[in-house]
2 protein chains.
Amino acid sequence: MAEINNTEQDILDAAEKLFLRKGFALTSTTEIAREAGCNQALVHYYYRTKERLFTRIFQQKMYLFLAHFIDGSRKNMPFETKIRKMAEAHFNMLIKNQQLPFFIFTELILNEGRLNILMDSLDENYEEVYRIFNDELQEEIRKGHIREMTFLDILLVIVSLNGMLFMLNPILRKGFTGTGDNYREFINHRREENLRIILQSLKP
Amino acid sequence: MAEINNTEQDILDAAEKLFLRKGFALTSTTEIAREAGCNQALVHYYYRTKERLFTRIFQQKMYLFLAHFIDGSRKNMPFETKIRKMAEAHFNMLIKNQQLPFFIFTELILNEGRLNILMDSLDENYEEVYRIFNDELQEEIRKGHIREMTFLDILLVIVSLNGMLFMLNPILRKGFTGTGDNYREFINHRREENLRIILQSLKP
DNA sequence: GATTTATTTAATAGCTCTATTAAAAGCGAA
DNA sequence: TTCGCTTTTAATAGAGCTATTAAATAAATC
């Protein structure tokens with residue numbers, strides 16, 4: 001990170017908080033300035049446009065969201081262990097960034113430009129990772145350890161189960177009154193359920 | 001449906017189309033009027049406020065989204081068959097209403113008022129259905145047909161796998177160039193995968 | 001055909017939003 | 001202290017938004 005003075009950082013923090021909660025369209029630079037405790041013009045002074053400020057945050061979050069898949073591919077472990085680690089890392093990241101799935105999906109779906117940028121980045125940076133995983137997967141299938149499926153199939157199950165759980169967060173929480181303990185317990189229960197289902201889905 | 005003249009219906013159709021695509025906040029009454037081919041003031045003449053127009057559409061979609069769960073509970077079938085039927089009905093409904101999951105989640109998360117209305121409606125209309133399903137499930141567990149789990153666990157798996165697939169629609173489509181045939185094939189493949197995973201997740 | 005009622009329009013009030021601008025305040029170096 | 005640069009502010013242009021209003025047109029009823 002480049003050195004950054006207090007106000008500039010405050011604006012970035014305020015923007016991150018609000019963009020994550022309400023998305024690009026529903027967050028105004030006026031509101032960001034209020035949250036950061038500064039004048040609205042300062043937001044534009046430091047970041048020129050709302051779009052540029054947003055993009056900076058969005059790309060960082062996007063990276064956070066995708067990083068595990070690369071990590072997993074580097075390690076030398078049995079394939080099933082890689083998948084387990086990947087699913088666990090994904091879940092743990094989501095626990096610390098619960099607003100992430102909703103944020104990313106919303107912005108990708110509402111803005112085709114951002115989706116195109118993502119697809120280009122996937123082609124450039126993740127195609128090889130994907131290929132390696134897929135080759136390894138096909139080898140496991142050939143050996144009869146895993147049933148006939150593609151790596152996309154595996155990814156979808158992980159992303160669906162883990163992602164949707166946290167996208168439903170605001171809705172599910174309403175059902176758990178009282179202290180947050182019950183809810184935390186519930187999330188831990190779901191962690192085990194999801195992992196179990198993901199691994200079971202590999203079995204022939 | 002009450003009788004409704006052409007313009008009034010055109011406005012409703014235009015609003016539905018735009019709200020589903022872009023959500024409440026990003027759709028303007030001006031745009032709805034343009035889509036409906038009428039003056040902007042007419043939107044307000046027939047529906048008073050954007051909020052009332054939206055609510056009308058939202059409630060109808062909400063009902064569409066929840067209806068299957070009731071249907072399934074009425075029939076007299078083995079429990080596992082009920083779950084299968086429920087998952088299939090859910091998937092088929094989503095195929096015909098692909099924008100539905102994104103639309104509903106977005107509006108529920110961005111507007112706490114709508115979420116509260118939903119929760120009240122669930123308490124009122126679905127609590128009994130839920131109880132019946134859950135009792136039946138506990139009986140199956142006691143008999144050893146199904147492993148230890150709650151009905152919420154089952155619902156989450158169905159909603160996650162089916163819902164996320166269609167929320168990812170715009171992203172996944174980008175990967176399938178050419179005619180839509182490949183994509184349709186892929187969706188059918190995922191239908192079977194999801195069903196398989198859902199039913200397997202019940203097994204002890 | 002005249003009169004009442006329903007539909008449609010243009011115009012606009014009153015907001016809020018993004019981005020810019022010119023001026024003011026703060027501050028380190030000469 | 002003064003100069004030059006950075007940071008901050010108030011003010012505002014220009015646009016889009018929702019909702020209303022009064023007037024115009026079309027349709028229905030007598």
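Residue numbers start from 1 in every chain, and the chains themselves are labelled A, B, ... in the order their sequence lines are given, proteins ahead of strands. Values below: all heavy atoms of this structure, side chains included; hydrogens, waters and symmetry mates excluded.
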Atom-to-atom span, CZ of B:Arg34 to C1' of C:dT9 - whole angstrom:
17 Å

A:Phe58 ring center within less than 6.0 Å of A:Phe19 ring center
no

Please report, rounded to the nearest Å, how far the C1' atom of C:dT18 is from the CZ atom of A:Phe19.
12 Å

When rounded to the nearest 0.5 angstrom, what is the spacing between CZ in A:Phe79 and CZ in A:Arg84?
13.0 Å

Both conditions, 6.0 Å and 45 degrees, for the charged tip of A:Lys61 above the ring of A:Phe103: are they met here?
no

Worked check of side chain to side chain contact (heavy atoms under 4.5 Å, CB included) between B:Phe166 and B:Arg190:
CA-CA 11 Å; B:Phe166 289 101; B:Arg190 287 308 312 171; over 6 Å; no

Check: A:Ser201 main-chain N/O paired with A:Arg147 side-chain donor or acceptor under 3.5 Å
yes

How about B:Phe65 and B:Tyr126: are their ring centroids closer than 6.0 Å?
no

Can you tell me the distance, in whole Å, between the CD atom of B:Glu8 and the C1' atom of C:dA6?
12 Å

For the pair made of OH in A:Tyr47 and P in C:dT18, what is the distance, rounded to whole Å?
16 Å

For the side chain of A:Leu42, counting heavy atoms from C-beta on, which of C:dT9, C:dT21, D:dT8 is nearest?
D:dT8

Nearest to the side chain of B:Thr7 - C:dT8, C:dA19, C:dT9?
C:dT8

What is the distance, rounded to the nearest whole Å, between atom CD1 of B:Ile32 and atom P of D:dA19?
10 Å

Looking only at side-chain atoms of B:Asn39, point me to the closest of C:dA10, C:dA19, D:dT9.
C:dA10

Measure the distance from CD on B:Gln40 to C1' on D:dT21 and round it to the nearest whole Å.
13 Å

Between OH on residue A:Tyr45 and OG1 on residue A:Thr7, distance to nearest 0.5 Å:
10.5 Å

Grab the NE2-P distance between A:His44 and C:dT18 for me, whole Å please.
6 Å

DNA chain C contacts among residues 22-30 of chain A, heavy-atom distance under 4.0 Å:
A:Thr27, A:Ser28, A:Thr29, A:Thr30

Nearest to the side chain of B:Lys50 - D:dT18, D:dT9, C:dA19?
D:dT18

State whether A:Phe24 and A:Arg114 meet the cation-pi test: NZ (Lys) or CZ (Arg) under 6.0 Å from the six-membered ring centroid, and within 45° of the perpendicular axis.
yes

Pick one: which of A:Thr27, A:Asp13, A:Leu12 meets side chain to side chain contact (heavy atoms under 4.5 Å, CB included) with A:Ile32?
A:Thr27

Quick one: label A:Tyr46 by what it contacts on the DNA or RNA (base, sugar-phosphate, nothing), any heavy atom closer than 4.0 Å.
sugar-phosphate

Atom-pair distance (CD1 on A:Ile11; C1' on D:dT7), nearest Å
11 Å

Side chain of A:Tyr45 (C-beta onward), nearest among C:dT20, C:dT8, D:dT6:
D:dT6

Five pairs per end, C1' atoms only: what is the angle between the end axes of the helix from C:dG1-D:dC30 to C:dA30-D:dT1, to 10 degrees?
10°

